Amino acid sequence: MKGQTKIFIYLLIILSFIALFSISCNNNKDKTGTGERKLSYYAGNWWGKLQETNQHMLNINTDGSVILKFDPDLTISSDSVTRVSDTNYIALYNDSASGDNARFIFIFSSDTQGKLTMEFTTASNSVDITKKQ
């Protein structure tokens, strides 16, 4: 009986160590993720001040596409967005029908603040933008 008790205790200790190491290894996994941050990280409605008026300027969608609130709205697919860094992105717009080209540069200073620079063929403009719910 003593032999069976010793084996049971040793088995219990070994299983305890296995459980402890398993939990420890799971807690040490890379929490930063393997992928790079995409523009979709900043998904939401963004507002900016144009001509002293706060305006809904753009939507960043969860698929990484952008809708700029012009008249009419201008949609840029996620394929046209290039990641420069986790906080900097460039979106290119090319309309083959009209020949219009534009470059939009997004620089985010936080999850809810950033700057949008709009470069058109004839002019460019920078606007501070804020995410609103």
Side-chain angles (χ1 to χ4, degrees):
M1 193 69 158
K2 273 188 169 181
Q4 286 180 342
T5 306
K6 278 186 176 182
I7 292 173
F8 179 72
I9 290 174
Y10 287 133
L11 187 58
L12 189 60
I13 290 171
I14 290 170
L15 290 174
S16 297
F17 278 122
I18 291 172
L20 178 66
F21 288 126
S22 175
I23 292 169
S24 176
C25 290
N26 283 337
N27 287 337
N28 288 330
K29 284 185 179 174
D30 181 13
K31 293 179 178 83
T32 60
T34 56
E36 298 173 336
R37 183 178 294 174
K38 297 180 180 178
L39 185 61
S40 60
Y41 175 84
Y42 299 98
N45 299 315
W46 289 82
W47 293 67
K49 206 171 226 185
L50 280 176
Q51 301 169 347
E52 302 304 316
T53 305
N54 223 6
Q55 298 178 17
H56 183 195
M57 294 197 57
L58 62 111
N59 292 347
I60 298 175
N61 299 313
T62 56
D63 66 355
S65 63
V66 180
I67 299 173
L68 293 147
K69 297 301 195 173
F70 297 146
D71 188 22
D73 288 353
L74 190 143
T75 301
I76 300 174
S77 73
S78 60
D79 294 339
S80 297
V81 177
T82 302
R83 177 188 177 277
V84 178
S85 71
D86 278 351
T87 58
N88 296 11
Y89 300 85
I90 296 173
L92 299 176
Y93 176 76
N94 297 308
D95 185 351
S96 56
S98 68
D100 290 337
N101 296 313
R103 184 167 88 151
F104 301 92
I105 302 167
F106 300 91
I107 300 174
F108 298 98
S109 54
S110 73
D111 292 352
T112 59
Q113 298 291 316
K115 183 176 285 291
L116 168 62
T117 300
M118 301 172 280
E119 296 178 348
F120 301 98
T121 307
T122 57
S124 76
N125 189 17
S126 290
V127 178
D128 291 325
I129 54 176
T130 302
K131 183 177 178 181
K132 294 187 178 181
Q133 302 303 330

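Every value quoted in this text rests on a predicted model; they were computed, and no experiment measured them.
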Take Y41 and D111, measure what side-chain contact (heavy atoms from CB on, under 4.5 Å) needs, and give me the verdict at the end.
-> CA-CA 8 Å; Y41 175 84; D111 292 352; 3.1 Å; yes

Taking a hydrophobic cluster as the set of Ile, Leu, Val, Met, Phe, Trp and Tyr residues connected by side-chain heavy atoms closer than 4.5 Å, whether directly or through intermediates, do V84 and L116 fall within one such cluster?
-> no

For the hydrophobic clusters of this structure (ILVMFWY residues joined by side-chain heavy atoms under 4.5 Å, transitively), does one cluster hold both V81 and I67?
-> no

When rounded to the nearest 0.5 angstrom, what is the spacing between NE2 in H56 and CD1 in I129?
-> 10.5 Å

From N54 CG over to K49 NZ, what is the distance, rounded to the nearest 0.5 angstrom?
-> 6.0 Å

Flag yes if F120 and I105 sit in one hydrophobic cluster, no otherwise; membership is Ile, Leu, Val, Met, Phe, Trp, Tyr, and two members link when side-chain heavy atoms are under 4.5 Å apart.
-> no

Please name the pair of heavy atoms, one in S40 and one in G64, separated by the smallest distance, quoted to 0.1 Å.
-> CB-N, 3.8 Å

Going by the side-chain contact (heavy atoms from CB on, under 4.5 Å) test, name the single residue among T117, T87, V66 that passes it with F106.
-> V66

Tell me, do W46 and K69 make a side-chain contact under 4.5 Å, heavy atoms counted?
-> no

Check: S65/D63 side-chain N/O donor and acceptor closer than 3.5 Å | yes

Rounding to 0.5 Å, atoms CG (L39) and CD1 (I90) come to a distance of 12.0 Å

Remaining members of the apolar cluster that contains W47, side-chain heavy atoms under 4.5 Å | none

Co-membership, hydrophobic cluster, residues L92 and F104, 4.5 Å side-chain | no

Stepwise, does the side-chain contact (heavy atoms from CB on, under 4.5 Å) test hold for L68 with Y93?
-> CA-CA 11 Å; L68 293 147; Y93 176 76; over 6 Å; no

When rounded to the nearest 0.5 Å, the distance separating CG of L58 from CG of N61 is 9.5 Å

dist N88:CG -> T82:OG1 (nearest 0.5 Å) comes out at 12.0 Å

Kindly state each residue pair satisfying salt bridge (Lys or Arg N to Asp or Glu O under 4.0 Å) with at least one member in residues 114-133, sequence neighbours excluded.
-> R103-E119, K115-D128

Value for NZ (K38) from OG1 (T62), rounded to nearest 0.5 Å, stands at 12.0 Å

Classify the ring geometry between F108 and Y42 as parallel (under 30°), tilted (30 to 60°) or perpendicular (over 60°).
-> parallel

